[in-house]
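These numbers were taken from a predicted model, which means no experiment stands behind them.
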Amino acid sequence: MSNFGSLVGAFMENAMAPSAGNRIGSALEQLQRGGFSGTPGTAAGASGAPGDMLGGVVDMFKDGLGNAAQRPGQAGGLGGVLGSLLGGGKGAVQGGMLAVLASVAMKALSSAGEQQAANGQGGGLADLLGGLMPGGGAGGQSGPWSGGDVPLGMRAPQSTAEEEALESTAQLVLKGMINAAKSDGQISPEEMQRIVGKLQESGADDGMQQWVMQEMQAPLNVQAFAAEIPNQEVAAEVYTASLLAVEVDTEAEKRYLQGLARASGLHPLVVGQIHQTLGVTA
């Protein structure tokens, strides 16, 4: 069976926008400040703990920056730390990037829901989540998110249904990043070969490499892609990943992101919160 979850970090490491590293750093800082990096009194990484995956990512990020500061001549700075985090190497947190995306989505939807309710503009989080309602998680858990109290990705899946749901989300995240990369024109054959070659070095099998190549070659169809996104939680994760894949310095990239948000039904408040968390003003 394909393992799209393990491919997300490897793809992002080799195909993300140059400024994506700074955006991820901004997100981790804001998520930690907002209490999204673990549960008080619970060790980061404890199985099933809300936010346990992100807690491990934040700890690794901080440790990596500390080591880089102590040995500047031997470290790759922020890029080196993020490369280790994303790339799935020995020091990487398994599923680290999915944890970041899930946490950004949760923060954006929660904050937008609170803002909407405070302004008397709607029913808050429940309205924004739409099709993902309490008890509607992948395993039928009580709570508004796919993992019950938190989105899947912020904790490890605990059932086959949750594993399948997280794998489906990872596949959509990958499609979103690839579509974003195609938004201002076709990806050149040379760039395709470079990306696939890097994925092969990261351990992607032939089937996964072929899937990525087919997605990069396929015509861009935002409406058809948005129709595959099952709910607002996943839509927010896909939008976040897409925002990390491009610089947003061309009109085509801006139009793609606007079209994706509109077609997937993301509320403007949610989009604004995602941009704020990643430190993107465009």
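When all heavy atoms of Val271 and Ala261 are compared, the pair lying nearest together is CG2-CB, 3.8 Å. Here the closest non-hydrogen pair linking Pro151 and Ala102 is CG-O, 3.9 Å. When all heavy atoms are compared, the tightest approach of Gly153 to Leu166 is N-CD1, 3.8 Å. Between Ser110 and Trp145, the shortest heavy-atom distance links the atoms OG-CZ2, 3.6 Å. Contact detail for Ile195 and Met216: the closest heavy-atom pair is CD1-SD, 4.1 Å. Heavy-atom minimum distance, Val246 versus Ala180: CG1-O, 3.2 Å.
For the atom pair CG of Leu266 and CD1 of Ile274, the computed distance is 6.0 Å after rounding to the nearest 0.5 Å. In this structure, CG on Asn231 lies 8.5 Å from CD on Glu237, to the nearest 0.5 angstrom. Rounded to the nearest 0.5 angstrom, Arg255 CZ and Leu260 CG are separated by 14.5 Å. Going from atom CE of Met97 over to atom CG of Leu244 covers 5.0 Å, rounded to the nearest 0.5 Å. For the atom pair CG of Leu7 and CE of Met177, the computed distance is 7.5 Å after rounding to the nearest 0.5 Å. With rounding to the nearest 0.5 angstrom, the CD atom of Glu29 is 14.0 Å from the CD1 atom of Ile24.
Atom NZ of Lys198 has 12 or fewer neighbouring heavy atoms from other residues, nucleotides or ligands inside a 6.0 Å radius.
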Discussion item. Does Thr169 form a side-chain contact (heavy atoms from CB on, under 4.5 Å) with Leu152? I'd like the steps, not just the answer.
Written reply: CA-CA 9 Å; Thr169 297; Leu152 288 173; over 6 Å; no
Derivation and outcome, side-chain contact (heavy atoms from CB on, under 4.5 Å), residues Ser26 and Leu278 = CA-CA 6 Å; Ser26 171; Leu278 297 182; 5.7 Å; no
*asked:* Checking Val238 against Ser264 for the side-chain contact (heavy atoms from CB on, under 4.5 Å) test, could you report, in this order, the C-alpha distance in whole Å, the side-chain angles of both residues, the deciding distance, and whether it holds?
replied: CA-CA 10 Å; Val238 169; Ser264 60; over 6 Å; no
TODO: Verify side-chain contact (heavy atoms from CB on, under 4.5 Å) between Leu220 and Tyr256, making sure each step is shown before the conclusion.
DONE: CA-CA 10 Å; Leu220 179 62; Tyr256 168 75; 4.1 Å; yes
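Side-chain atoms of Gln30 come within 3.5 Å of backbone N or O of Gln276 as a donor-acceptor pair. Remark: the backbone N or O of Gly147 is paired with a side-chain donor or acceptor of Arg155 at under 3.5 angstrom. Although no hydrogens or angles enter the test, the distance criterion places no donor-acceptor pair under 3.5 Å between the side chain of Glu215 and the main chain of Trp211. With hydrogens and angles disregarded, no donor-acceptor distance shorter than 3.5 Å links the side chain of Gln200 to the backbone of Gln209. Remark: side-chain polar atoms of Arg23 are paired, donor with acceptor, to backbone N or O of Leu243 under 3.5 angstrom.
With sequence neighbours excluded, the residues forming a ring-ring contact (aromatic ring centres under 6.0 Å, His included) with Tyr239 are His275, listed by chain and number.
Side-chain contact between Met213 and Gln193 is present, with heavy atoms from C-beta onward closer than 4.5 Å. Using a 4.5 Å heavy-atom cutoff, the side chains of Gln115 and Gln273 are in contact. Looking only at side-chain heavy atoms (C-beta outward), Lys254 and Val248 come within less than 4.5 Å of each other. You'll find the side chain of Leu172 reaches within 4.5 Å of the side chain of Pro230, heavy atoms only. Using a 4.5 Å heavy-atom cutoff, the side chains of Ser183 and Asn179 are not in contact. The side-chain heavy atoms of Ser103 and Met106, taken from C-beta on, include no pair separated by under 4.5 Å.
A side-chain N or O of Ser19 and one of Glu247 form a donor-acceptor pair less than 3.5 Å apart. Side-chain contact, Ser146 with Glu233: a donor N or O sits under 3.5 Å from an acceptor N or O.
Salt bridge Arg194/Glu190: absent, no basic N to carboxylate O contact under 4.0 Å. A salt bridge links Glu228 with Lys175: at least one charged nitrogen is closer than 4.0 Å to a carboxylate oxygen.
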